[in-house]
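Encoded as structure tokens, the structure appears first; notes follow it.
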Amino acid sequence: MKLLLSKIDQLRSQLSGLNLFGEDAIQQIETANQLIRDTLIQIEAFMAKREFKTAEEEIFFFRQIKPPIYSLQLAYMKILKIELLRPSYSKKEFKNFLKHKLDFVQAHYSDYPEFIRYYNSNQTHDDQRYFLRKNRIVLDCFPHFTDEYHSTGYDIVAAYMLAYKILVNHYDQTEKKQQTEATQSNISWTGDKVAFVELLSGLHLMGSLNMGSSDLKTLNNELGQL
């Protein structure tokens, strides 16, 4: 089981190295989805060759292994679909569209608040109830994910909750990046560094910036960004 955890950690490291916000974002997201599929295939192949030896091993898989890897698959597939449709919307329309997609993902776990609280709190006393297949719950909306051999039901609920967090974090970063780009100036310093220092020193001596109360290092950082 430790091998499976290492594969997920390796996948996360690979995903963190991708730039999902550049001009080739779609290509990068497709690469992310391929990496996730490759890892998922390896994990499923590994599990197909073995049976769980103990209840603890089964619980570990359906709590620690399956939700994280399936959440990545759910989230990155959703990001790809959203970004492919982004050009079809105005900025205002896209916000409404994105909210609708996020609400859709959230709806898949919002009916299980007791379980979500339990899962997020890292409690373990009810693990047999939630992560053993003999106690499986049937989720009609995910028949291909929740058959009696491959799921307890709750592992899919956890996967959607984790996927929602990934999506919210991704689009928070997207919005911050867009705001930063919108505030960037088209003005660039074309003189040499000495001229900049002389200008800065002169403005500081005259008290033209913050009444002369700011030190030169702070002023240099602030004006240097401009």
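Throughout, numbering of the chain's residues begins at 1 and tracks the sequence. All values reported here derive from a predicted model rather than from experimental measurement.
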SB check D172 K176 (cutoff 4.0 Å): no
T218 and D215: side chain donor to acceptor below 3.5 Å: yes
Please say whether more than 12 non-hydrogen atoms of neighbouring residues, nucleotides or ligands are located less than 6.0 Å from CD in Q123. yes
Would you say M206 and L199 are hydrophobically clustered, going by side-chain heavy atoms of ILVMFWY under 4.5 Å? yes
Is K193 positioned over the aromatic face of F196, cation under 6.0 angstrom from the ring centre and no more than 45 degrees off axis? no
Where do I166 and L72 land on the side chain to side chain contact (heavy atoms under 4.5 Å, CB included) test, with the steps shown first? CA-CA 8 Å; I166 294 170; L72 289 170; 3.8 Å; yes
Kindly compute the distance separating CD1 (I79) from CD (Q28), expressed to the nearest 0.5 Å. 12.5 Å
Distance col, row I29:CD1 vs L15:CG, nearest 0.5 angstrom, shows 11.5 Å
Could you walk me through whether I43 and K66 pass the side chain to side chain contact (heavy atoms under 4.5 Å, CB included) test, one step at a time? CA-CA 9 Å; I43 290 176; K66 192 175 178 186; over 6 Å; no
Using the rule that two of Ile, Leu, Val, Met, Phe, Trp, Tyr join whenever any of their side-chain heavy atoms come within less than 4.5 Å, decide whether Y70 and L3 are in one cluster. yes
Got more than 12 heavy atoms from elsewhere within 6.0 Å of CE, M77? no
Can you see whether F94 has R86 sitting over its ring - NZ or CZ less than 6.0 Å from the centre and within 45° of the normal? yes
Are H125 and Y130, when compared by the centres of their aromatic rings, separated by less than 6.0 Å? no
Please report the closest heavy-atom contact between A163 and A75, naming both atoms and the distance. O-CB, 3.9 Å
Are the ring centres of F61 and F52 closer than 6.0 Å? yes
Taking the side chain as every heavy atom from C-beta outward, state whether I26 and E30 have any pair of such atoms under 4.5 Å apart. yes
Considering non-hydrogen atoms only, spot the tightest contact between L209 and L200 and give its length. CD1-CD1, 4.4 Å
Closest approach of S151 and R133, non-hydrogen atoms and distance? O-CG, 3.6 Å
Quick one, L4 and I69 - any side-chain contact, counting heavy atoms below 4.5 Å? no
Residues forming a ring-ring contact (aromatic ring centres under 6.0 Å, His included) with Y76, sequence neighbours excluded: none
Of all the heavy-atom pairs spanning P68 and I65, show the shortest one and how long it is. CD-O, 3.3 Å
Could you measure the distance from the OH atom of Y171 to the CG atom of L102? Nearest 0.5 Å is fine. 8.0 Å
Decide side chain to side chain contact (heavy atoms under 4.5 Å, CB included) for D126 and F131; before the verdict, give the C-alpha distance in whole Å, the side-chain angles of both, and the deciding distance to 0.1 Å. CA-CA 9 Å; D126 253 353; F131 299 112; over 6 Å; no
Is the shortest side-chain heavy-atom distance between L162 and Y119 below 4.5 Å? yes
Side-chain donor/acceptor of Y118 to backbone N/O of T124, under 3.5 Å: yes
Under 3.5 Å, side chain of E58 to main-chain N/O of A55, donor-acceptor pair present? no
Please check if the distance between the ring centroids of Y109 and Y160 is under 6.0 Å. no
Calculate, to the nearest 0.5 Å, the distance between atoms CD and CG belonging to Q73 and L11 respectively. 11.0 Å
Closer than 3.5 angstrom, by distance alone: can the side chain of S201 be matched with the main-chain N or O of E198 as a donor-acceptor pair? no
Does the side chain of V157 reach to within under 4.5 Å of the side chain of H108, using non-hydrogen atoms? no
Between K165 and V105, does the side chain to side chain contact (heavy atoms under 4.5 Å, CB included) criterion hold? Intermediate values first, please. CA-CA 10 Å; K165 290 182 177 181; V105 174; over 6 Å; no
Heavy-atom nearest pair, Q128 first then I59, reads CG-CD1, 3.9 Å
Just by distance, no angles: are the side chains of Q42 and D38 close enough, under 3.5 Å, to form a donor-acceptor pair? no
Does H170 reach the side chain of T174, with side-chain heavy atoms less than 4.5 Å apart? yes
Nearest 0.5 Å, please: how far is CG in L18 from CG in D24? 9.5 Å
Give a yes-or-no answer on whether the side chains of D127 and Y154 include a donor-acceptor pair shorter than 3.5 Å. no
Check whether any side-chain heavy atom of P67 sits under 4.5 Å from a side-chain heavy atom of M161, and report yes or no. no
Should T152 and L132 count as side-chain neighbours, where that means a heavy-atom distance under 4.5 Å? no
Would V197 and L203 show up in the same hydrophobic cluster when neighbours are defined by side-chain heavy atoms closer than 4.5 Å? no
Take atom CD of E44 as the centre, draw a 6.0 Å sphere, and report whether it contains more than 12 heavy atoms from other residues, nucleotides or ligands. yes
Inter-residue atom distance Q14.CD - Q10.CD, 0.5 Å rounding: 5.0 Å
Which atom names give the shortest non-hydrogen contact between K7 and T39, and what distance separates them? O-CG2, 4.1 Å
Under a 4.0 Å threshold between the charged nitrogen and the carboxylate oxygen, would E83 count as salt-bridged to K101? no
Looking at side-chain heavy atoms only, is the closest gap between F60 and E56 below 4.5 Å? no
